[in-house]
Amino acid sequence: MPTLLIHHAQLLVTMDAQRREIADGAVFVRDNAIEAVGRSDELPATADTVIDAQGQIVIPGLVNTHHHFYQTLTRVLPAAQDAELFDWLQALYPVWARLTPEMAFVSTQTAAAELLLSGCTTSSDHLYLFPNGTRLDDTLEAAAQIGIRFHAARGAMSVGQSRGGLPPDSVVEDEEAILRDTERLIQRWHDPARFAMQRIVVAPCSPFSVSPGLMRDAALLARRHGVSLHTHLAENHKDIAYTREKFGCTPAEYAEQLGWLGPDVWHAHCVQLDAAGIALFARTGTGVAHCPGSNMRLASGIAPIRAMRDAGVPVGLAVDGSASNDSGHLLGEARLALLLQRVGHGPAALTAREVLEIATLGGARVLGRDDIGALAPGMAADIVTVPLDHIGLAGAQHDPLAALFFCQVPRVLHSIVNGQVVVRDGELQTLELPRHVARHNVLAAALVSG
């Protein structure tokens with residue numbers, strides 16, 4: 001089995017049970033798993049592949065718990081630049097209705113490349129509309145090629161405007177067809193094994209785009225197959241008002257009624273989750289994907305992450321879709337999470353080390369994984385190195401870990417996913433980026449122009 005050694009790191013941050021931070025640190029990998037972590041003089045000096053991490057900080061690969069990869073095609077669309085959630089969606093639904101299989105494939109690789117270059121090694125993606133022959137398979141094939149660890153969420157919308165929903169009827173699907181295709185995807189693609197590179201998630205889109213019946217049936221389907229559940233919840237005040245008007249309850253109560261609570265469930269945003277909802281999530285182990293950039297961009301509010309963590313709610317970090325952020329830089333998103341909590345809750349509301357925990361172990365827990373999020377023997381070899389010699393980090397060597405989140409956001413130097421070097425010396429190894437970006441821009445123009 002091939003071996004990999006990363007050694008002589010200025011600082012190696014393990015996120016293990018002891019939260020060790022090791023000067024002159026090293027990690028030794030055999031095949032796709034970590035075999036040893038410690039000081040460089042304690043580990044083997046040779047391996048099949050050796051990365052000298054002098055002047056670098058080494059951290060676990062970051063985990064992105066919510067994204068819409070296809071939205072990289074509609075970044076900064078003028079009609080949606082200055083809108084809140086519902087108006088933003090209504091401006092974009094007709095554009096997204098022109099999505100094609102090639103667009104889904106190319107945009108998946110674009111989003112994955114951006115994430116890999118920003119320290120992310122595992123990502124979920126929530127695709128919830130399938131026009132013109134588009135299938136979730138298009139994204140799964142694209143992710144496999146680029147080498148990111150991938151949780152593909154089979155989203156769905158089934159309640160169009162004619163039935164009181166938000167999306168136009170042209171982008172909704174028949175509920176029986178949704179369930180059949182979801183089961184097909186689980187049987188074809190889902191890997192429940194430890195170190196799995198691809199898993200399927202059951203993910204009806206939101207309370208304002210699917211029926212309670214589909215939510216219930218989706219939960220039953222997911223639990224029959226032992227896969228996770230994901231949706232949007234309590235994103236802004238209009239979202240709350242819709243749930244109260246249509247269903248006579250809060251979003252958290254709605255989730256409880258439909259079987260959408262538990263350690264196999266995580267909800268995106270939860271900006272407006274109330275104290276009772278936080279307590280309910282904590283009691284049931286229900287997770288939250290925190291999307292600070294999107295929440296700021298759409299003026300949805302400041303999610304009560306401090307209160308959630310204090311209560312014991314599992315919280316992971318997420319960039320959300322690239323048409324509501326519009327960046328897919330996960331280290332940058334962590335910086336926003338750190339600063340935004342302080343805006344709402346004071347200068348000690350969140351620390352740099354807590355933000356890293358949310359972005360690693362927190363994300364792993366939210367996705368239902370015990371094999372990623374830390375550098376420790378027996379864990380998956382998902383490892384990131386970041387150079388500390390950037391001008392934006394000059395004078396920040398007093399605490400290199402905190403510098404990642406307080407200072408100018410750096411680009412990673414190496415990203416290792418499942419033992420494979422996917423980014424080497426700052427360059428993506430699995431995709432020719434200039435040609436890819438050119439094709440992506442052609443497709444984006446075609447999608448928007450129609």
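The shown structure was predicted, so the numbers you read here are calculated from the model rather than taken from an experiment.
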**Request:** Return the set of residues passing side chain to side chain donor-acceptor pair (under 3.5 Å) with H230 (not counting sequence neighbours), or none when no residue passes.
**Result:** H66, W266
**Prompt:** What residue pairs, at least two apart or across chains, pass side chain to side chain donor-acceptor pair (under 3.5 Å) with a residue in residues 329-342?
**Reply:** N325-E333
**Message:** Quick test of your reading of the model: are R188 and E183 salt-bridged, counting only N-O distances below 4.0 Å?
**Reply:** no
**Prompt:** By side chain to side chain donor-acceptor pair (under 3.5 Å), which residues pair with R194, not counting sequence neighbours?
**Reply:** D370
**Heavy-atom donor-acceptor pair, T134 side chain to P131 backbone, under 3.5 Å** = yes
**Request:** For I302 and V343, work out which heavy atoms get closest and say how close.
**Result:** CD1-CG1, 4.2 Å
**Request:** Using the six-membered ring wherever Trp is involved, compare the ring planes of F150 and F69 and label them parallel, tilted or perpendicular (cut-offs 30° and 60°).
**Result:** parallel
**Request:** Can you run down the side chain to side chain donor-acceptor pair (under 3.5 Å) pairs that involve residues 240-250, sequence neighbours left out, and say none if there aren't any?
**Result:** T250-E253
**Message:** Given 3.5 Å as the limit, does a donor-acceptor pair link the side chain of S118 with the main chain of L330, or not?
**Reply:** yes
**Aromatic plane relationship, H232 with H126 - under 30° parallel, 30 to 60° tilted, over 60° perpendicular** = parallel
**Prompt:** Taking the side chain from Q397 and the backbone from P400, do they hold a donor-acceptor pair closer than 3.5 Å?
**Reply:** no
**Request:** Could you note down all residue pairs passing ring pair (Phe, Tyr, Trp, His ring centres under 6.0 Å) where residues 278-309 supplies at least one of them, sequence neighbours left out?
**Result:** H267-F281
**Request:** State whether R184 and D181 are salt-bridged, where the test is any N-O pair (Lys NZ or Arg NE/NH1/NH2 against Asp/Glu carboxylate O) under 4.0 Å.
**Result:** yes
**Asked** With V386, which of L413, V409, L404 fulfils side-chain contact (heavy atoms from CB on, under 4.5 Å)?
**Response** L404
**Message:** For the CD1 atom of I57 and the CG atom of L401, what is their distance to the nearest 0.5 Å?
**Reply:** 5.0 Å
**Expected output: side-chain R149 to main-chain A196 donor-acceptor under 3.5 Å** = yes
**Message:** Is there a side-chain hydrogen bond (donor to acceptor under 3.5 Å, both in side chains) between S322 and D326? Walk through the geometry before answering.
**Reply:** CA-CA 4 Å; S322 292; D326 294 35; over 6 Å; no
**Request:** Verify side-chain hydrogen bond (donor to acceptor under 3.5 Å, both in side chains) between H414 and T385, making sure each step is shown before the conclusion.
**Result:** CA-CA 5 Å; H414 299 94; T385 87; 3.1 Å; yes
**Prompt:** Would you say the side-chain atoms of Q187 pair up with the backbone N or O of W189, donor to acceptor, closer than 3.5 Å?
**Reply:** no
**Message:** I'd like to know if D191 and R199 make a salt bridge, using a cut-off of under 4.0 Å between side-chain N and carboxylate O.
**Reply:** no
**Asked** Under 4.0 Å between a Lys/Arg side-chain N and an Asp/Glu carboxylate O for R216 and E175?
**Response** no
**Request:** Only one of F247, W260, F208 passes ring-ring contact (aromatic ring centres under 6.0 Å, His included) with Y254; say which it is.
**Result:** F247
**Prompt:** What is the minimum heavy-atom distance between P314 and G285, and which atoms define it?
**Reply:** CG-O, 3.6 Å
**Request:** Please identify each residue that fulfils side chain to side chain donor-acceptor pair (under 3.5 Å) with D399, with sequence neighbours left out.
**Result:** R353
